[in-house]
Amino acid sequence: MSGQAIEIGLETVFPDDPIDVLIIGAGIVALAAAQKLQAAGRQVALLERGGVAAATSSGNAGALAFSDILPLATSGKIARVPRWLMDPLGPLSIPPGYALRIAPWLLRFWRAGWADRIASSIAAQVAMMGLAEAEMDRMIAESGLGDLIHPDGSLELYESEAEFQDSLPGWTQRTKAGIAFEHVRGAAMADLQPGLSPQFIAGTFVPGWRNVSDPFIFATRLAADVEGRGGIFLQGEASQVFPQESGARVVLTDGRILAAKQVVVAAGAWSRRLTDLLGDYLPLETERGYNTTLPLGSFDLRRQLIFGAHGFVISRLTTGLRVGGAVELGGLDRPPNFKRSAAMLKKAMGFLPGLSAEGGVQWMGFRPSMPDSLPVIGPSRASPHIVYAFGHGHLGLTQSAGTGRLVADLLNGQPPAIDPAPFRPSRFR
């Protein structure tokens, strides 16, 4: 992008040379797309209303969960939903005032749990995870982020034999996908994580699971690499995208207009505000996730612990211990309910009796979630020059590099690395 921005009142345009690729968003998916586009020879600008990775990408659990191939709408999870909803501070909550609004999404979620849909969803996730892992490794190497990766594995824990047995079909699916794991009990489980409550009778260790040292640091380091390769970061909020014959124009809330040859909508949970105006009515919902980050030294955590029956995890970061997860389907506008963070922390203290809960910092973020647990990656119905990349739910960090590769392939007219059909926006028409 050779032309410099010119200020004309409230309007900013690139008159001689439109932006090559304008990415709306600067979270981890947007940053990965920028890096992959740059690697393919494109020039990029990222438009962000806040700061780099200032929203969901800053406070997630830091997991590269390439083994997480099962959709949320499995029969086991759907069976738990009524019980979960009875507890307003439990793993799944829907505020009463939001239930009617979200009913169509819940119907799609229920349908996604039917056997035929589950099989196709798992197949799509297996392909995406394979691509995501390969492209993440490449991005880490090219951007010099290797010092931020910790291959400690994860340990999923079960409180009863029935809970463990219920998990086995999912592990069978992972075996088919070539994912390594080990079921452990007794001393073997204690060796993997000392100090567990005796209420846990079994666990499953996934050695290939990796975590980043801190998701915000990872994202800002990636942003610095993107900027170092010529990427431009613009401050502003997009209010509408208008297709043009040779590209698109993006109108900002302050009246500025940006012209681009191609546009990527990667604004996470806020993406629907743009896609509706383009005629793509996508069932994007907001999972409000909560956590508490405790100071370093709060517990000798050896690896990420997963408490599936309770819907949360505990992650070891270089900046502290993060206790978080759960799902509150409550949209973008309701105030946070930090009682949910406190409830998870209270459970964590019971699960890890030596855990110190002093000095924690609470946080709430918005996960962009689709009812079939698959992201939206592909062109808008309005124009092939506008491509979507959002809706990753809990897997934004994990699938960011794979998504970026698909976006680069689509915008460059290259054969896609994997079949993009399962992720196409038109699947909901």
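Just the heavy atoms: all of them, side chains too, but no hydrogens, waters or symmetry mates, feed the values below. For this chain, numbers begin at 1 and follow the sequence in order.
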Original post:
Got Lys347 and Phe307 here, is their nearest side-chain heavy-atom distance under 4.5 Å?
Top reply: no

Original post:
Could you give the distance from CD (Glu142) to CG (Leu222), rounded to the nearest 0.5 Å?
Top reply: 11.0 Å

Original post:
Got Phe423 and Val376 here, is their nearest side-chain heavy-atom distance under 4.5 Å?
Top reply: no

**OP:** Over all heavy atoms of both residues, which pair between Leu22 and Val250 is shortest? Give the atoms and the distance, please.
**Re:** CD2-CG2, 3.6 Å

Subject >> Full working for side chain to side chain contact (heavy atoms under 4.5 Å, CB included) between Val327 and Leu72 >> reply: CA-CA 11 Å; Val327 172; Leu72 289 178; 5.7 Å; no

Original post:
Does one side chain, of His385 or Gln244, offer a donor that lies under 3.5 Å from an acceptor on the other?
Top reply: no

**OP:** Provide the full list of side chain to side chain donor-acceptor pair (under 3.5 Å) pairs with a residue in residues 412-422, sequence neighbours left out, each pair given once.
**Re:** Arg42-Asn412

Original post:
Any idea which heavy atoms bring Ser383 and Pro243 closest together, and the distance?
Top reply: CB-CB, 3.8 Å

Original post:
With sequence neighbours excluded, what pairs up with Arg334 under the side-chain hydrogen bond (donor to acceptor under 3.5 Å, both in side chains) test?
Top reply: none

Subject >> Expected output: side-chain Ser143 to main-chain Ile140 donor-acceptor under 3.5 Å >> reply: no

**OP:** Take Leu406 and Ile418 through the test side chain to side chain contact (heavy atoms under 4.5 Å, CB included) and record every step on the way to the result.
**Re:** CA-CA 8 Å; Leu406 285 179; Ile418 60 173; 3.9 Å; yes

Original post:
Roughly how far, to the nearest 0.5 Å, is CZ of Phe218 from CG of Asp147?
Top reply: 10.0 Å

**OP:** Using modelled atom types only, decide if a donor and an acceptor are shared between the side chain of Asn291 and the backbone of Gly324 within a distance under 3.5 Å.
**Re:** no

Original post:
Is any side-chain heavy atom of Arg424 less than 4.5 Å from a side-chain heavy atom of Arg429?
Top reply: no

Original post:
Is there any side chain to side chain donor-acceptor pair (under 3.5 Å) pair reaching into residues 396-411, and which pairs are they, with sequence neighbours excluded?
Top reply: Gln125-Gln399, Glu135-Arg405, His392-Thr403, Arg405-Asp409

Original post:
Closest approach of Ala382 and Leu278, non-hydrogen atoms and distance?
Top reply: CB-O, 3.7 Å

Subject >> Those residues that, when tested against Glu285, pass side-chain hydrogen bond (donor to acceptor under 3.5 Å, both in side chains) (two or more places apart) >> reply: Tyr98

Subject >> Val44, Val387, Leu410, Val21 screened by side-chain contact (heavy atoms from CB on, under 4.5 Å) with Gln262, the one that passes >> reply: Val21

Subject >> Contact check, side chains of Leu282 and Phe390, non-hydrogen atoms, under 4.5 Å >> reply: yes

**OP:** Search all heavy atoms of Leu46 against all heavy atoms of Ala34 and return the closest pair with its distance.
**Re:** CD1-CB, 4.0 Å

**OP:** Decide yes or no on side chain to side chain contact (heavy atoms under 4.5 Å, CB included) for Glu159 and His310, but give the supporting numbers first.
**Re:** CA-CA 11 Å; Glu159 296 172 83; His310 300 271; 2.6 Å; yes

Subject >> Residue pair His183 / Leu168, side-chain heavy-atom distance below 4.5 Å >> reply: yes

Original post:
Minimum heavy-atom separation for Ala33 to Ile23, with atom names?
Top reply: C-CD1, 4.2 Å

**OP:** Decide side chain to side chain contact (heavy atoms under 4.5 Å, CB included) for Ile179 and Phe66; before the verdict, give the C-alpha distance in whole Å, the side-chain angles of both, and the deciding distance to 0.1 Å.
**Re:** CA-CA 9 Å; Ile179 296 167; Phe66 301 117; over 6 Å; no

Original post:
Heavy atoms, side chains only, cut-off 4.5 Å: are Asp68 and Arg174 in contact?
Top reply: yes

Subject >> Gln304-His150 side chain donor-acceptor pair, cut-off 3.5 Å >> reply: no

Original post:
How many angstroms lie between CD in Glu227 and CG in Leu31, if you round to the nearest 0.5 Å?
Top reply: 11.0 Å

**OP:** Quick one: sort the Trp270 and Phe366 rings into parallel, tilted or perpendicular, breaks at 30° and 60°.
**Re:** perpendicular

Original post:
Backbone N or O of Ala61 within a donor-acceptor pair of the Ser315 side chain at under 3.5 Å?
Top reply: yes

Subject >> Reported CZ-to-CG distance for the pair Arg49 and Asp254, which is rounded to 0.5 angstrom >> reply: 14.0 Å

Subject >> Distance-only polar pair, side chains of Thr293 and Arg322, donor-acceptor under 3.5 Å >> reply: yes

Subject >> salt bridge (charged side-chain N to carboxylate O under 4.0 Å, His left out) partner of Asp152, chosen from Arg210, Arg316, Arg303 >> reply: Arg316

Original post:
How far does CG of Leu155 sit from CD1 of Ile306, to the nearest 0.5 angstrom?
Top reply: 8.0 Å

**OP:** State which residues pass side-chain hydrogen bond (donor to acceptor under 3.5 Å, both in side chains) with Ser380; sequence neighbours excluded, sorted by chain then number.
**Re:** Asp280, Tyr388

**OP:** Would you mind checking if Asp225 and Arg229 are paired as a salt bridge, meaning a charged N to carboxylate O distance below 4.0 Å?
**Re:** yes

Subject >> Close side-chain approach of Met364 to Phe338, heavy-atom, < 4.5 Å >> reply: yes

**OP:** Grab the two heavy atoms, one from Ile19 and one from Ala45, that are nearest each other, plus how far apart they are.
**Re:** CG2-CB, 3.9 Å

Original post:
Is Glu287 reaching over with its side chain to a backbone N or O of Glu328, donor-acceptor style, under 3.5 angstrom?
Top reply: no

Determine all donor-acceptor pairs shorter than 3.5 Å in which one atom belongs to a side chain in residues 99-108; sequence neighbours excluded.
unit_1	atom_1	unit_2	atom_2	d
Trp105	NE1	Pro283	O	3.3
Trp105	NE1	Ser369	O	3.4

Original post:
Taking side chain as C-beta onward, heavy atoms only, is Asp372 less than 4.5 Å from Arg117?
Top reply: no

**OP:** To the nearest 0.5 Å, tell me how far Leu321 CG sits from Leu301 CG.
**Re:** 5.0 Å

